[in-house]
Amino acid sequence: MADGIRVERRELGAAWIIIDRPDAMNALSGAVLDGLLAATRTLSVAPDVRAIVVTGAGAKAFSAGADLKERRGMSEADTRARIELINLAFDTLARSQRPTIAAVNGVAFGGGLELALACDLRVASSTAQLGLTEVRLGIMPGAGGTQRLARLVGAGRAKELILTGRRITAEQAYRIGLVSEVVQTDALEAEVHRLLEELAAAAPVSLAMAKAAIDRGADVGLDEGLRIERACYEVTLRTDDRNEGLAAFAEKRAPRYQGR
């Protein structure tokens with residue numbers, strides 16, 4: 001689809017966005033970010049896409065972060081524009097109504113980890129390493145890392161990782177809730193497939209509304225969060241899939257959801 005980005009449509013309605021720069025540790029160049037943004041926008045409205053998976057090509061890296069060789073030749077204004085682009089790409093992914101999975105197949109440092117944090121679910125290979133290492137380069141996380149990591153693992157743990165620029169193993173990431181599963185490298189795609197099977201068994205509108213309720217309710221008080229939940233629930237009541245779910249339960253069969 002774009003230089004450095006490959007999109008594969010696979011079974012279970014899954015669309016895989018693959019960062020395809022293994023020789024550069026799948027670094028996030030401008031072309032990669034443009035491609036990621038375009039792919040996410042397209043796939044998020046495609047009626048036959050049930051879920052989006054993001055991963056890196058090869059066995060070494062999910063993404064090592066920003067393309068620092070490219071950054072060295074950029075002016076301050078160009079750098080600011082690049083930060084706007086990376087935030088737009090990651091925020092668009094985070095706001096997709098489709099469930100998103102990061103298949104962390106190798107190192108995920110800096111912007112690479114911020115990309116994984118923008119996904120709903122994260123599965124890591126046992127050889128993966130993760131870290132927001134920006135302070136060691138004279139900057140700080142600027143693509144959602146300080147906010148998404150703190151919301152995921154708590155402010156104290158996020159400060160420990162961000163302020164030290166520490167790199168942690170996949171097992172350490174699992175223990176603090178940064179990733180939901182750790183599997184052997186050759187079992188990573190199988191684990192993602194298992195998750196996709198679970199997602200495929202649910203109604204698409206229900207998934208979208210549940211995700212919206214969680215995300216929109218995260219930054220408000222309980223009363224407002226409950227109001228958001230009820231509003232999202234109301235959307236599901238008006239769908240054909242809700243009636244199909246009730247009928248399938250009564251008839252003791254698997255539901256056939258259509259996403260409407």
Side-chain angles (χ1 to χ4, degrees), residues 1-8 15-46 49 51-58 61-122 130-152 158 162 165 211 215 219:
M1 177 176 259
D3 185 24
I5 286 287
R6 177 161 43 92
V7 175
E8 295 182 2
W16 289 63
I17 300 176
I18 302 165
I19 306 171
D20 195 9
R21 301 185 69 206
D23 293 340
M25 299 291 282
N26 296 321
L28 301 171
S29 64
V32 165
L33 293 170
D34 282 333
L36 174 65
L37 177 59
T40 302
R41 284 173 167 168
T42 299
L43 298 171
S44 293
V45 297
V49 171
I52 297 172
V53 181
V54 181
T55 194
F62 174 76
S63 172
D67 189 331
L68 297 181
K69 291 182 179 179
E70 188 179 65
R71 287 276 184 97
R72 286 185 64 187
M74 295 170 61
S75 66
E76 186 174 317
D78 289 339
T79 300
R80 287 199 175 95
R82 179 59 52 81
I83 297 300
E84 290 294 326
L85 174 60
I86 193 171
N87 275 278
L88 178 60
F90 290 5
D91 290 349
T92 299
L93 180 66
R95 293 169 183 159
S96 172
Q97 289 193 338
R98 306 297 190 263
T100 56
I101 302 171
V104 184
N105 56 304
V107 300
F109 296 146
L113 180 50
E114 289 176 301
L115 172 57
L117 287 167
C119 294
D120 299 312
L121 305 170
R122 283 156 296 281
L130 305 91
L132 294 176
T133 56
E134 288 91 340
V135 296
R136 298 189 180 190
L137 296 171
I139 51 174
M140 60 167 279
T146 63
Q147 303 306 302
R148 293 191 175 105
L149 183 62
R151 284 163 171 75
L152 187 63
I162 291 171
K211 175 177 172 175
D215 289 346
D219 300 321

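Along the sequence shown, the residues carry numbers beginning at 1.
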**Q** Let me confirm one number: the CZ-OG1 distance from Arg95 to Thr100, rounded to the nearest 0.5 Å.
**A** 13.0 Å

**Q** Can you tell me how far CG of Leu68 sits from OG of Ser29, rounded to the nearest 0.5 angstrom?
**A** 12.0 Å

**Q** Within the distance-only criterion (no hydrogens, no angle test), does the side chain of Glu70 pair as donor or acceptor with the backbone N or O of Gly30 below 3.5 angstrom?
**A** yes

**Q** So, does Ser44 use its side chain to make a donor-acceptor pair with the main chain of Ser96 at under 3.5 Å?
**A** no

**Q** How about Glu114 and Arg148: do any of their side-chain heavy atoms sit closer than 4.5 Å?
**A** no

**Q** Do Val7 and Ile18 have side chains that get closer than 4.5 Å, going by heavy atoms?
**A** no

**Q** For the residue pair Ala102 and Phe62, what are the closest heavy atoms and their distance?
**A** CB-CZ, 4.2 Å

**Q** Closest heavy-atom contact between Asn26 and Ala57?
**A** ND2-O, 3.0 Å

**Q** Does Arg41 use its side chain to pair, donor to acceptor, with the backbone of Leu37 at less than 3.5 Å?
**A** no

**Q** If I compare all heavy atoms of Glu134 with all of Gly111, which pair ends up nearest, and what's the gap?
**A** OE2-N, 3.8 Å

**Q** Is there a side-chain contact between Leu93 and Leu115 in this structure, where contact means two heavy atoms from C-beta onward sitting under 4.5 Å apart?
**A** yes

**Q** With rounding to the nearest 0.5 Å, note down the distance linking CD1 in Ile83 to CG in Leu33.
**A** 9.5 Å

**Q** Looking at every heavy atom in both Thr92 and Leu88, which two are closest together, and how far apart are they?
**A** OG1-O, 2.7 Å

**Q** Which pairs would a plain distance check flag for residues 135-142, meaning a side-chain donor or acceptor within less than 3.5 Å of a matching protein atom at least two apart in sequence or in another chain?
**A**
residue : atom : partner : partner atom : Å
Arg136  : NE   : Thr164  : O            : 3.0
Arg136  : NH2  : Thr164  : O            : 3.0

**Q** Please report the interatomic distance CZ(Arg122) to CG(Leu113), rounded to the nearest 0.5 Å.
**A** 8.5 Å

**Q** Without swapping roles, check the side chain of Arg98 against the backbone of Ala46 for a donor-acceptor pair under 3.5 Å.
**A** yes

**Q** With a 4.0 Å cut-off on N to O distance, would you call Asp215 and Arg151 a salt bridge?
**A** no

**Q** Per the salt bridge (charged side-chain N to carboxylate O under 4.0 Å, His left out) rule, what does the pair list look like for residues 15-30, sequence neighbours excluded?
**A** Arg6-Asp20, Arg21-Asp67

**Q** Any donor-acceptor pair under 3.5 Å linking the side chain of Lys211 with the backbone of Gln97?
**A** no

**Q** Are any of the side-chain nitrogens in Arg80 or Glu84 under 4.0 Å away from the carboxylate oxygens of its partner?
**A** no

**Q** Find out whether Ile5 and Asp34 are in side-chain contact, i.e. whether some heavy atom of one side chain is under 4.5 Å from a heavy atom of the other.
**A** no

**Q** Do Ile52 and Ile17 have side chains that approach each other closer than 4.5 Å (heavy atoms only, starting at C-beta)?
**A** yes

**Q** Minimum heavy-atom separation for Ala103 to Val53, with atom names?
**A** CB-CG1, 4.2 Å

**Q** Let me confirm one number: the CD1-SG distance from Ile101 to Cys119, rounded to the nearest 0.5 Å.
**A** 8.5 Å

**Q** Within the structure provided, determine whether Leu117 and Phe90 are in side-chain contact (heavy-atom separation under 4.5 Å).
**A** no

